[in-house]
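One structure is given here, and the rest of the page talks about it.
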Amino acid sequence: FYFVRANRAQFEAALQHLVGNNIFLHYKVLPDVVFCDPQVLLTMVTDIVQYHYKLKHSQCAAQGKWEINFRDNACISVPILSHIASQYSDKDGVFPPESFVNLLLHLKIISAIQTGDSNGAYLMPALLSNVGDPAAMGVVEIEEKECLVPLCITFDGGCAPSGLFCALVATLLQTNKWELCMKDNKPSCLFRNCVTFRYGKSTIITLVDFYSHFS
């Protein structure tokens with residue numbers, strides 16, 4: 001502030017101008033951090049994706065339940081997230097690993113999971129596998145007498161925006177009433193384009209991305 005001779009209000013106004021013009025990145029969850037180059041965020045997320053790909057396709061077997069859970073269910077543990085983030089943390093501790101986790105939560109890239117074997121981990125929906133027609137493949141169990149007519153959500157342009165379904169899944173899981181529907185201590189239906197939730201005590205809702213629309 002001394003060198004630019006600006007007070008706090010002037011600095012905030014200048015920062016918002018730069019953020020509004022996509023020159024800097026600034027998030028309310030990290031009030032003291034300003035990203036001058038978004039590449040560091042992209043690199044950290046890329047490291048998570050590469051680590052998952054390595055577990056998924058490498059000949060080396062996953063070690064321990066956390067790596068197995070990350071490989072099979074895209075549920076990443078806090079130690080793994082912290083390890084990746086620590087490689088980019090500065091010496092003064094302005095951007096510690098906890099801040100990276102909070103930022104991913106804020107951006108709806110991950111969501112905390114508190115059920116089954118994934119207790120204490122974070123789900124990253126974008127890393128889940130795709131499935132074809134959920135009903136035809138038997139992924140979604142349908143009992144006609146108990147089902148309502150599906151709600152169809154359409155989009156301008158004829159297709160859903162890229163990444164919206166994954167962000168929606170993360171958003172719903174961050175609420176108090178939506179949680180993954182479990183069967184034998186495992187998610188009953190958990191894919192990048194099809195997820196079954198339990199809403200409240202007894203309501204089961206399956207959300208499907210048909211690319212042209214959500215149902």
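Small disclaimer: the values here were computed from a predicted structure and weren't measured.
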Exercise for the section: Tell me, yes or no, whether the heavy-atom count around Lys177 atom NZ, taken from other residues, nucleotides or ligands under 6.0 Å, exceeds 12. Expected result: no
List the residues meeting ring-ring contact (aromatic ring centres under 6.0 Å, His included) with [X], not counting sequence neighbours, and say none if there are none.
{"X": "Tyr211", "answer": "none"}
{"X": "His17", "answer": "none"}
{"X": "Phe214", "answer": "Phe155, Phe165"}
{"X": "His26", "answer": "none"}

Exercise for the section: Report yes or no: does Glu67 contribute a side-chain atom to a donor-acceptor pair with the main-chain N or O of Leu55 at less than 3.5 Å? Expected result: no
Practice task
Compare all side-chain heavy atoms of Leu190 with those of Leu128 and state whether any distance is below 4.5 angstrom.
Solution key: yes
Practice task
Provide the full list of side chain to side chain donor-acceptor pair (under 3.5 Å) pairs with a residue in residues 149-173, sequence neighbours left out, each pair given once.
Solution key: none
Handout entry: Under the salt bridge (Lys or Arg N to Asp or Glu O under 4.0 Å) test, residues paired with Glu12 that sit two or more places apart
Key = Arg8
Fill in the blank from the handout: When rounded to the nearest 0.5 Å, the distance separating CG of Leu173 from CD1 of Ile110 is 11.5 Å
Handout entry: Least distance between heavy atoms, Val208 atom then Cys194 atom
Key = CG2-SG, 3.9 Å
Exercise for the section: Taking all heavy atoms of Met124 and all of Ile48, pick out the closest pair and write down the distance. Expected result: SD-CG2, 3.6 Å
Problem - Whether Tyr53 and His57 hold their rings parallel, tilted or perpendicular, with breakpoints at 30° and 60° - result: tilted
